[in-house]
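Here's the structure we're looking at; comments come further down.
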Amino acid sequence: MIRRRFIGSAALFGVAGVMGFTMRPKKKPLLHHVFFWLKNPQSEADKQQLISGLKTLATIPTIRQIHVGVLASTEKREVVDTSWDVSELMFFDDEAGQKIYQDHPLHQAFIKNCSHLWEKVLVYDAIDV
């Protein structure tokens, strides 16, 4: 009887493992969305320099995904802000990963080398629910 109970329990735990059930709490991804307003918005060279600088951040180990973008030519509506020039959207596993990014030498170098290009930066950080 004990052996049957053990085998049944082992099979149940095996199925739970295969199905992806775990007792560990799931980490909540953090999204870091940054909008940049250029000092010289008419300068394509400045825009490209900022975009190139942002793309160097992709090698920071805690960044899971990075998207660098410019305004899309979607429908202009009252709720859509089209005042910015360049954006970046980064995905981190958690807040600790985002903190590592903030302090990383590549991020610090990006700020040093590119901050002269922008007049305003706005950041939105969100955690998954």
>> I need the L30 CG to D128 CG distance, nearest 0.5 Å.
In response: 9.5 Å
> N40 side chain to Q42 main-chain N or O, any donor-acceptor pair under 3.5 Å?
Replying inline: no
>> If you count every heavy atom of other residues, nucleotides or ligands that lies below 6.0 Å from E95 atom CD, does the total exceed 12?
In response: no
> Would L71 end up clustered with L122 when hydrophobic side chains under 4.5 Å apart are linked, directly or stepwise?
Replying inline: yes
> In this structure, which one of V68, L89, V123 forms a side chain to side chain contact (heavy atoms under 4.5 Å, CB included) with V34?
Replying inline: V123
>> Keeping E88 on the side-chain end and L57 on the backbone end, is there a donor-acceptor pair under 3.5 Å?
In response: no
> Can you check side chain to side chain contact (heavy atoms under 4.5 Å, CB included) on H107 and K112, steps first, answer last?
Replying inline: CA-CA 9 Å; H107 181 241; K112 179 181 175 189; over 6 Å; no
> Does F92 belong to the same Ile/Leu/Val/Met/Phe/Trp/Tyr cluster as I127, with side-chain heavy atoms less than 4.5 Å apart forming each link?
Replying inline: yes
>> Tell me if a side-chain donor or acceptor on D46 pairs with a main-chain N or O of L117 at a distance below 3.5 Å.
In response: no
>> Under the criterion side chain to side chain contact (heavy atoms under 4.5 Å, CB included), I'd like the reasoning laid out for L54 against V86: C-alpha separation, chi angles, the key distance, then a yes or no.
In response: CA-CA 10 Å; L54 288 167; V86 178; 3.6 Å; yes
>> Walk me through whether F36 and L50 qualify under side chain to side chain contact (heavy atoms under 4.5 Å, CB included).
In response: CA-CA 9 Å; F36 298 88; L50 178 57; 3.8 Å; yes
> Would you say the side chains of Y124 and H33 form a donor-acceptor pair under 3.5 Å?
Replying inline: no
>> With a 4.0 Å cut-off on N to O distance, would you call D93 and R64 a salt bridge?
In response: yes
>> According to a hydrophobic-cluster definition based on side-chain heavy atoms being under 4.5 Å apart (Ile, Leu, Val, Met, Phe, Trp, Tyr only), do M90 and L106 belong together?
In response: yes
>> Once ring pair (Phe, Tyr, Trp, His ring centres under 6.0 Å) is applied, do any residues pair with F110, and if so which ones, sequence neighbours excluded?
In response: W118
> Rounded to the nearest 0.5 Å, what separation is found between the NZ atom of K47 and the OG atom of S52?
Replying inline: 13.0 Å
>> Among residues at least two apart in sequence or on other chains, which ones pass ring pair (Phe, Tyr, Trp, His ring centres under 6.0 Å) with H104?
In response: none
> G53 and C114: which non-hydrogen atoms are nearest, and at how many Å?
Replying inline: CA-SG, 4.1 Å
>> Does any part of the side chain of D94, heavy atoms only, come nearer than 4.5 Å to the side chain of K28, both counted from C-beta?
In response: no
>> For Y101 together with H32, are the ring centres under 6.0 Å from each other?
In response: yes
> Can you tell me how far CD1 of I60 sits from CG of D103, rounded to the nearest 0.5 angstrom?
Replying inline: 10.5 Å
> Can you check whether D85's main-chain N or O pairs, donor with acceptor, with W37's side chain at less than 3.5 Å?
Replying inline: no
>> Test of understanding: clusters of I, L, V, M, F, W, Y form through side-chain heavy atoms closer than 4.5 Å, transitively. Do F91 and F35 belong to the same one?
In response: no
